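So the structure is just underneath, and the comments pick up after that.
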Amino acid sequence: MASAEVLQNEYNDQATKYDDSIISTPVVVLETQLLASALGDCTGLAVLDLGGGSGLRARQVLDLGAASVDLVDMSREMMEHGKKGKYGDRINWYEGDVSKSLAHLPLKKYDLVMANWVMDHAASLAALEGMWTNVAAYLKPGGRFVGTRSGDPNSPAARDFTYGVRYKDQQPIPGGVRYRYESNTTPSIDIEGASMEISYSGSTELHTKHGLVDVEMEPYEKTEAVRKDPEFWKPFLDHPFMAVIKAKRGIIGVQVPT
């Protein structure tokens with residue numbers, strides 16, 4: 001992952017302010033609406049949230065009717081903060097690196113697996129492959145995947161704070177780009193990220209490789225935010241730096257890795 005120890009420390013240090021700082025930024029408002037549309041009715045679903053942090057999206061899926069959520073994250077402080085919030089006692093919290101085997105955790109097969117932004121902390125193709133392996137391994141045949149990923153980290157729309165966050169300090173790495181992700185909130189958030197081109201380009205190669213079918217990007221035009229102010233969102237829509245993807249697990253299963 002993107003300098004795993006550095007990343008873990010950064011999220012630990014910013015745990016208490018992370019959700020409150022970003023939830024009202026325009027791009028995260030848009031993301032919330034895209035996820036609501038992609039997730040739909042979640043009544044009764046068993047959900048796995050990979051890289052779920054303090055449970056921001058776990059709470060959203062519970063609001064949409066999910067029966068249970070198991071959340072895995074490498075930041076103990078993010079999870080401890082999440083336990084104090086809404087539904088904290090309805091989420092099962094597990095510490096783990098989702099780019100590696102999770103066989104040591106009491107996980108199962110799930111109706112829905114989420115992976116929001118976590119794949120933008122993969123500093124190598126091997127780390128990204130590890131994340132997709134876990135998505136496929138814990139998703140029931142016919143189950144659903146929903147996840148947020150970065151678009152092009154060099155998007156002109158991400159150069160300033162028009163949408164509440166910006167990408168800065170971009171540096172090429174093998175197969176992708178390393179950068180920092182900063183909000184213009186008070187307090188501000190400043191986190192290291194790394195995205196592989198095979199992911200942010202919109203390729204579905206890894207989805208298909210890991211047994212996912214019917215891969216779709218949730219349309220921005222379906223959201224209230226874009227419908228209410230299309231002119232404001234035009235630079236983003238021309239060069240989007242965030243996308244919500246949904247897919248289904250094929251019928252042929254993948255064994256849980258050991």
Side-chain angles (χ1 to χ4, degrees), residues 1-32 34-35 49-60 71-83 85 93 95-100 114-124 127-128 130-131 147-155 157-173 175-197 199-200 236 240-245:
M1 298 176 77
S3 304
E5 185 176 352
V6 170
L7 182 65
Q8 185 177 32
N9 289 337
E10 288 188 349
Y11 272 108
N12 283 341
D13 290 344
Q14 301 181 63
T16 59
K17 62 182 180 179
Y18 187 84
D19 288 354
D20 291 342
S21 293
I22 67 167
I23 192 64
S24 62
T25 59
V27 73
V28 177
V29 170
L30 178 64
E31 180 196 359
T32 299
L34 287 168
L35 283 169
D49 189 0
L50 295 173
S54 58
L56 177 63
R57 300 311 176 189
R59 293 190 291 274
Q60 184 175 3
L71 183 152
V72 182
D73 198 89
M74 67 190 308
S75 171
R76 184 175 301 175
E77 293 301 321
M78 287 285 282
M79 291 190 290
E80 288 299 320
H81 182 62
K83 290 177 184 178
W93 308 83
E95 187 173 350
D97 181 342
V98 302
S99 70
K100 299 177 181 178
M114 298 192 298
N116 297 304
W117 293 111
V118 69
M119 294 184 186
D120 297 294
H121 294 305
S124 69
L128 186 60
M131 296 175 189
T148 306
R149 64 158 173 80
S150 178
D152 184 358
N154 292 303
S155 165
R159 291 175 184 167
D160 59 29
F161 291 121
T162 299
Y163 303 106
V165 301
R166 66 172 180 171
Y167 290 7
K168 63 179 184 177
D169 302 338
Q170 291 91 336
Q171 296 180 341
I173 58 176
V177 181
R178 188 189 302 276
Y179 51 86
R180 297 197 68 82
Y181 178 91
E182 182 185 16
S183 72
N184 68 338
T185 55
T186 303
S188 64
I189 297 298
D190 196 326
I191 296 286
E192 182 178 292
S195 301
M196 294 290 102
E197 185 174 7
S199 180
Y200 68 73
F236 174 92
F241 61 91
M242 179 273 296
V244 169
I245 308 300

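The model shown is predicted, which means the values in this text are computed figures rather than measured ones.
- Summarising the geometry, atom CG belonging to Leu128 is positioned 7.5 Å from atom CE belonging to Met196; distances are rounded to the nearest 0.5 Å.
- The heavy-atom pair separating Ala157 from Phe241 by the smallest distance is O-CE2, 3.5 Å.
- Note: Asp73 CG to Ser54 OG = 8.5 Å, rounded to the nearest 0.5 Å.
- Ring geometry for Trp117 versus Tyr181: interplanar angle of 30 to 60°, hence tilted.
- Scanning both residues, Arg178 and Ala123, for their nearest heavy atoms gives NH2-CB, 3.9 Å.
- When all heavy atoms of Val244 and Thr148 are compared, the pair lying nearest together is CG2-OG1, 3.6 Å.
- Atom CE of Met114 and atom CZ of Arg57 lie 9.0 Å apart (nearest 0.5 Å).
- Taking CG of Leu56 as the reference point, atom CG of Asn116 lies at 8.5 Å (rounded to 0.5 Å).
- Panel note: side chain Asp49, backbone Leu71; no donor-acceptor pair is recorded below 3.5 Å.
- In terms of modelled atom types and a separation under 3.5 Å, the side chain of Ser155 and the main chain of Asp152 share no donor-acceptor contact.
- Under the 3.5 Å distance criterion, the side-chain polar atoms of Gln60 are matched with a main-chain donor or acceptor of Thr32.
- The CD atom of Glu31 sits 8.0 Å away from atom CD1 of Ile23, with the distance rounded to the nearest 0.5 Å.
- Checked by atom type, the side-chain pair Thr162/Asp160 shows a donor-acceptor distance below 3.5 Å.
- The minimum heavy-atom distance linking Tyr200 with Arg149 is given by the pair O-NH1, 3.7 Å.
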(Q) Run the side-chain hydrogen bond (donor to acceptor under 3.5 Å, both in side chains) test on Ser195 and Tyr179 for me, step by step, so that the C-alpha distance in whole Å, both residues' side-chain angles and the decisive distance to 0.1 Å come before the verdict. (A) CA-CA 8 Å; Ser195 301; Tyr179 51 86; 2.7 Å; yes

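- When Leu30, Asp120, Val165 are each tested for a side-chain contact (heavy atoms from CB on, under 4.5 Å) with Met242, only one passes: Leu30.
- Annotation: side chain of Val177 is not in contact with side chain of Tyr167 (no heavy-atom distance under 4.5 Å).
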(Q) The test is side-chain contact (heavy atoms from CB on, under 4.5 Å); show your working for Glu182 and Phe161 and say whether it passes. (A) CA-CA 9 Å; Glu182 182 185 16; Phe161 291 121; 3.8 Å; yes

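- Of all non-hydrogen atoms in Ser99 and Ala127, the two that sit nearest each other are CB-O, 3.6 Å.
- Judged purely by atom type and a 3.5 angstrom limit, Arg180 uses its side chain to pair as donor or acceptor with the backbone of Asp190.
- Closest approach of Gly51 and Val118 over heavy atoms only: CA-CG2, 3.9 Å.
- At least one donor-acceptor pair closer than 3.5 Å links the side chain of Gln170 to the backbone N or O of Pro153.
- In this structure, Leu50 and Met131 have side chains that are not in contact, with every pair of non-hydrogen atoms separated by 4.5 Å or more.
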